[in-house]
Amino acid sequence: MNSLYARHRSVLPDWLALYYREPIEITHGEGRHVWDAEGRRYLDFFGGILTTMTAHALPEVTKAVAEQAGRIVHSSTLYLNRPMVELAERIATLSGIPDARVFFTTSGTEANDTALLLATAYRGSNQILAMRNSYHGRSFSTVGVTGNRSWSPTGLSPLQTLYVHGAVRGRGPFAGLSDERFTEAAVADLEDLLGHTHRTAALIAEPIQGVGGFTSPPDGLYAAFRRVLDRHGVLWISDEVQTGWGRTGEHFWGWQAHGQAGPPDLLTFAKGIGNGMSIGGVVARAEIMNCLDANSISTFGGSPVTMAAGLANLGYLLDHDLQGNARRVGGLLIERLRAAAAGVDLVREVRGRGLMIGIELADPVTGAAAPEAASAVLEKARENGLLIGKGGGHDTSSLRVAPPLSLTVAEAEEGAAVLEQALRSL
Ligand SMILES: Cc1ncc(COP(=O)(O)O)c(C=O)c1O
């Protein structure tokens, strides 16, 4: 065991998961590459969990951070903060939510926690609907709406949560149905559930489940859900922590794959917007955002340095049409990965959109999840210079591919070749 790993193990919690038999220390990065402490270079197809959105060490972001740090690092929400107002204005416009208000946090967990606070206060109910196989964060409230046992360490919760069908297309009781029948069955289940419950505050859902292994429902399912929710006055929270900012290629937000629904009542974001600086946040219509009748502050939320980074990063993303790049290069990458997976018996499905691609591994005969195979591919890819991620509600048996959105065609080809070799080595 290398010494940093031993020190990590002796001072940090056991439940802080690390990748790889021999965990690596990443010391620096540039573009779509990172280097470890032993000087090995890797093509980065995971971006520190979908967070390096544009590129590593992007000069525009680095400069904005350094310049802001040279002026002032911290002031708190008690004082006017120009970069915070400017980023809020841009996100409010981009959100599609009418009369939008934005509140900044320091993580996705805290963003979802705030959304849950708003929805429950607005509706006067602590009953929440969440999707099976979901992940919404690590705090007491968010593990209580996380429908994935591996990531939800307690059954205690300030919320009463009911888990809904529909987010996992390829498994579960409705898996064999056509898209249309699948959606009908999930909607009927939701209707039935709401008929048996007290007043419900909100449904929280990831348009594409991240930690769950990049699984998603048929397009339009959340629009169909919305019609039912509206009839019951139930709010819709779209957790865009992984799916926001154009990562899915076709859309800027994941909810837009269910566009007939119109924008959600609340939208949460984090990860990519700060390119690694800690920014999270929630967007909601003014009447929902302003429903709280007590003061609030955030010491660190919206801090000037993170906001300057967010503005520079978002500006770069939009100016360089990285959503379009995610669509084009992601389209090519998924094609290459489908070809690479053809003939590998353990590959059950290659799925996703844009630069958010999942490869599920399972026993070809029984359909049982194959977590050891997923770990083996992860290791093999690293040995050959490629970092990817893992996920999935079924014993972590899906590989997750989510490079920075500036990925080039040559890098996509290179990464696909490494993955092909790793899959074929199974
Ligand atoms: C969909 C989703 N929501 C919320 C979170 C929590 O974000 P954070 O780790 O920044 O607290 C995550 C993190 O992976 C996520 O994937």
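One-based numbering, in listed order, for ligands and for the atoms of each.
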Closest to atom 11 (O) of ligand 1 among protein heavy atoms sits Thr109 OG1, 2.5 Å
Check the side chains of Gln127 and Ser125 for a donor-acceptor pair under 3.5 angstrom, ignoring hydrogens and angles.
no
Regarding Tyr122 and Glu287, do their side chains bring together a donor and an acceptor under 3.5 Å, going by distance alone?
yes
Aromatic plane relationship, His28 with Trp35 - under 30° parallel, 30 to 60° tilted, over 60° perpendicular:
parallel
Nearest protein heavy atom to atom 3 (N) of ligand 1, by residue and atom, and its distance?
Asp239 OD2, 2.8 Å
Out of all atoms in ligand 1, which are within 4.0 Å of some heavy atom of Gly137? Include the element for each.
6 (C)
Is there a donor in the side chain of Glu372 and an acceptor in the side chain of Ser375, or the other way round, less than 3.5 Å apart?
no
As an exercise, identify every atom of ligand 1 less than 4.0 angstrom from a heavy atom of Asn112.
3 (N), 4 (C)
For Gln242, take its heavy atoms, then give the atoms of ligand 1 lying under 4.0 Å from any of them.
14 (O), 16 (O)
Name the closest protein heavy atom to atom 13 (C) of ligand 1, giving the residue it belongs to and the distance to 0.1 Å.
Lys271 NZ, 3.2 Å
Heavy-atom nearest neighbour in the protein, as seen from atom 12 (C) of ligand 1, with distance rounded to 0.1 Å:
Tyr135 CE2, 3.6 Å
Less than 4.5 Å apart, side chain to side chain, heavy atoms only: is that true for Leu229 and Leu129?
yes
So, 4.0 Å and heavy atoms of Arg138: is ligand 1 close enough to count as a contact?
no
Using heavy-atom distances only, which candidate in His136, Glu206, Gln209 approaches atom 4 (C) of ligand 1 most closely?
His136
Ignoring hydrogens, what is the shortest heavy-atom contact between Leu177 and Ala185? Give both atom names and the distance.
CD1-CB, 4.0 Å
Can you tell me which residue and heavy atom of the protein come closest to atom 10 (O) of ligand 1, and the distance to 0.1 Å?
Gly108 N, 2.9 Å
Tell me whether ligand 1 is touched by Ser107 - counting only heavy atoms on the residue side and a distance under 4.0 Å.
yes
Answer yes or no: is there a side-chain heavy-atom contact under 4.5 Å between Met131 and Phe225?
yes
Would you call the rings of Tyr19 and Phe46 parallel, tilted or perpendicular, taking 30° and 60° as the class edges?
tilted
